[in-house]
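Working notes for the structure below.
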Number of protein chains: 2
Amino acid sequence: MAEKPRFVIVGAGLVGSMLAAMLGREGFEVEVLERRGDPRAGKMESGRSINLAISARGLNALSRLSLDDEILSLGVKLYRRAIHSPTGEISHQAYGVGGQAINSFSRGELNRALAQAAGDAPGVTLRFGRRCLEIDPVAGKVTHVDAATGDDLRTSTGVVVGADGAFSVVRGVLQKREHQDYAQHFLAHGYKELFIPTRADGTPALELNAMHIWPRGRFMMMAMANTDGSFTVTLYLPMTGENGFDRLTTRDEVRGFFDRHFPDAVPLMPTLLDDFFANPTGAMVTVRTFPWQLGGRTLLIGDAAHAIVPFYGQGANAGFEDCLELIEQIRKSPNDLEAAFRRYQDIRKPNSEAIADLALANFNEMRDHVASPWFLVKKRLEKAIHRVLPGWFVPLYSMISFSLIPYAEARARAERQARVLKRVGLGIALAAVALIVWAVR
Amino acid sequence: MAEKPRFVIVGAGLVGSMLAAMLGREGFEVEVLERRGDPRAGKMESGRSINLAISARGLNALSRLSLDDEILSLGVKLYRRAIHSPTGEISHQAYGVGGQAINSFSRGELNRALAQAAGDAPGVTLRFGRRCLEIDPVAGKVTHVDAATGDDLRTSTGVVVGADGAFSVVRGVLQKREHQDYAQHFLAHGYKELFIPTRADGTPALELNAMHIWPRGRFMMMAMANTDGSFTVTLYLPMTGENGFDRLTTRDEVRGFFDRHFPDAVPLMPTLLDDFFANPTGAMVTVRTFPWQLGGRTLLIGDAAHAIVPFYGQGANAGFEDCLELIEQIRKSPNDLEAAFRRYQDIRKPNSEAIADLALANFNEMRDHVASPWFLVKKRLEKAIHRVLPGWFVPLYSMISFSLIPYAEARARAERQARVLKRVGLGIALAAVALIVWAVR
């Protein structure tokens, strides 16, 4: 048998760290290069960090590393949506049935736990503060330097794995090659992070175990709890035009806008105006590319292969699922990595397309439909049918967040279910008409 | 009135040279930076050069520079398709009516004529052998060096125009910015250039004034005349799989493939096997991006904004049309270039999308449909209707190649025409059935 190949993973974020831990446990030699500092060393900024949602798929991957219990203790369970109306009334929509919940995490804490797991795995070397200078995707070679000084030039060889996110440098190199399809599409909306601290007595200012949403049609705001009881708030507005970021250029304009649209949130946000002007306006991009591998020597995973918008809370979950599938395919043909990588990309590509589309569609749902009474009736009806016929009907949100059904299959099944429901609904309506005709005759 | 802005055009290809000539004549100061050498200086390689098709749109733009007569004398008129069957029979399909023709040009000769026009225009400076190092799209600044030595660093300021083709460096800089949508999609087919020389007596080996096509369903070959009577041949095959380039690795395999599929062409191609292995296999890409301008300081034009596949012969024509539209919009608001650029991109973007889609669709037509008898009947019927009702029905190919109707409008009109024809056809069929029923009753 040939010598075991080694891996050079670019990026020690969530997906890069998880993959390093998994490959190390499979007995591979792994080197991880990360531009930023070691998340295990630095003191974590508590509270004001980016949150992300982990649900069944993510927990399933974490359980393979026996990290699920440890990680769950770091998160906040969100059982339902809390919808804030323009006049401040709050209504609720449960996410699942029987206590199902998604989990809100600090990205930093999750990353630290995963980097720890990677560092503890046999054969894994983590190198922080390293910037990639050059990548040879055909030979499998990465040249890198100290990110701060630009000195200390080194070369690492092995299977190059691009786990370096939506603006992946590894993918950038592949993009310049012929027959590499690539697309980046930006939402016309941007986002801005804001903050709701705990009350003076240290208690949360909003219900802790809910995802708070202020749907306003063309725009929205949301808030997810941090473990310390504060909330990270995200405002989503069009970049330009009516209610757009370009119309909010003075403190008076921002204050007026919030008083008009989010009156119940304003008293909870003492640093609103400072945060609004201090924090950058972020962009949201969907990235699609193919193929995801080159000759068994270079590979893309996570956001580097399929960055999606955040509205289904599935970005990290999808990346973690990539890791599981990749490991499974490598186990099937450890001596033919190219074949393993091809099966991995062929299985994951349609699933990544499905969740990319669903995440875009969910933006409309969150900012608009959740506020409509008809939407509430529909959701309750779906849950009732699911309770009566759990094997036959599962709401799409449940399949995505609380099952391991592949994304593409979940979407196809939801489409089938919708068609049948429509037909059944028509049948019931016809029966009702027949009944009325019979009754009045 | 403010001082007239100056332009820095990156790329002195067909579109960059044409735009420089037009802007110079409008009274603007223009600097053109081109990595390659001066096409006016070098002796032109005759015969074996890439051909391209110029039709009504291209000629219209050339006529604004009074270059159409000079240029037409350099080309070969193609009045019809000559379809070569697998057994060597040749059938014909006229492109238009009444002597309408597309024109086959050597890209090199056309480029030389346009570079000449640009160099002769007032206020235009052409700099060849210059490589761009850095581009600041916000300030409008290009840093460039001698392409050969890397020395002689200079900075040019002005409105930066990316006329640098499908793999545009200017667009590459814009792509890294937020809210710049971008997509590159490669055909699963590649192409290879081959050659048919003149006969020993100097006469053409095939009919000179025809576009020769060997349609074979999933693949095809075509040949376009050069002015010296030789032909540039292009073979289009899938990259992999049945009849794919990856199956043709030995001289015997190539010879066998050509004997099987192109028996009538083999005797005309004495250097076939050498050419096949000496020439690279090219890739064909469709590039879509938006926006095409940034703050009135940076602009994309031609292939840099919308590279398309070559199957409608419209790549250069579309780029020339961009130049005309840009000049027209600049004339409308010479003191507000950003507004002019926005109108230019809003008008040209849907047209570029239309011709991109039509070019992809035409690949199917050329390699497959042209060989079907039903296709021939349909084309003849279309032409007959056009002759009887020229104001009401114009075949799509004629609108694209022999009219100035904007691409998007031509496509929409063709769809309307097809719907009406279908309805008329159905009406005639129903009338026929009624007649038969009446007759046999």
Side-chain angles (χ1 to χ4, degrees), chain A residues 164-192 236-241 244-246 279-295 303-304 306-307 309-310 338-339 342 345-346 349 353 356 360, chain B residues 164-192 236-241 244-246 279-295 303-304 306-310 338-339 342 346 349 353 356 360:
Chain A
D164 50 344
F167 301 96
S168 171
V169 172
V170 177
R171 190 190 64 226
V173 171
L174 295 181
Q175 263 164 251
K176 292 198 179 115
R177 297 177 58 85
E178 288 180 347
H179 297 286
Q180 182 72 37
D181 284 352
Y182 172 74
Q184 64 188 35
H185 175 71
F186 285 87
L187 278 193
H189 287 67
Y191 71 91
K192 195 175 282 281
Y236 298 93
L237 301 185
M239 290 301 292
T240 56
F245 278 113
D246 68 338
N279 293 343
T281 304
M284 286 167 286
V285 69
T286 302
V287 167
R288 304 172 202 257
T289 194
F290 202 80
W292 290 3
Q293 75 90 32
L294 183 68
D303 283 359
H306 50 71
V309 296
E338 181 166 358
R342 282 183 187 279
Q345 72 177 3
D346 290 347
K349 174 66 174 169
E353 288 290 330
L360 286 165
Chain B
D164 49 345
F167 301 98
S168 169
V169 172
V170 178
R171 191 189 64 227
V173 171
L174 295 181
Q175 263 165 250
K176 292 198 179 115
R177 297 177 58 86
E178 288 181 346
H179 298 284
Q180 183 71 38
D181 285 352
Y182 173 74
Q184 62 188 36
H185 175 71
F186 285 87
L187 277 194
H189 286 67
Y191 71 90
K192 197 176 280 284
Y236 298 93
L237 301 185
M239 290 301 292
T240 57
F245 277 113
D246 68 338
N279 293 344
T281 304
M284 285 167 286
V285 68
T286 302
V287 166
R288 302 173 202 256
T289 194
F290 202 77
W292 290 2
Q293 76 90 31
L294 183 68
D303 283 0
H306 51 72
I308 62 178
V309 296
E338 179 166 358
R342 282 184 187 278
D346 291 346
K349 173 66 173 169
E353 288 290 330
L360 286 165

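Residue numbering restarts at 1 for every chain, and letters A, B, ... go by the order of the sequence lines.
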How about OH on B:Y191, more than 12 heavy atoms from neighbouring residues, nucleotides or ligands closer than 6.0 Å, or not? no
Among all residues two or more places apart in sequence or in another chain, which pass the salt bridge (charged side-chain N to carboxylate O under 4.0 Å, His left out) test with B:E178? none
Residues of residues 165-177 of chain A with a heavy atom under 4.5 Å from any heavy atom of chain B, in residue-number order, are A:Q175, A:R177
Which atoms of A:M284 come close to chain B, meaning under 4.5 Å heavy atom to heavy atom: side chain ones, backbone ones, both, or neither? neither
For B:T286, which residues count as a side-chain hydrogen bond (donor to acceptor under 3.5 Å, both in side chains) partner, sequence neighbours excluded? none
For B:F186, enumerate each residue passing the ring pair (Phe, Tyr, Trp, His ring centres under 6.0 Å) test, keeping only those at least two apart in sequence or located in another chain. A:H179
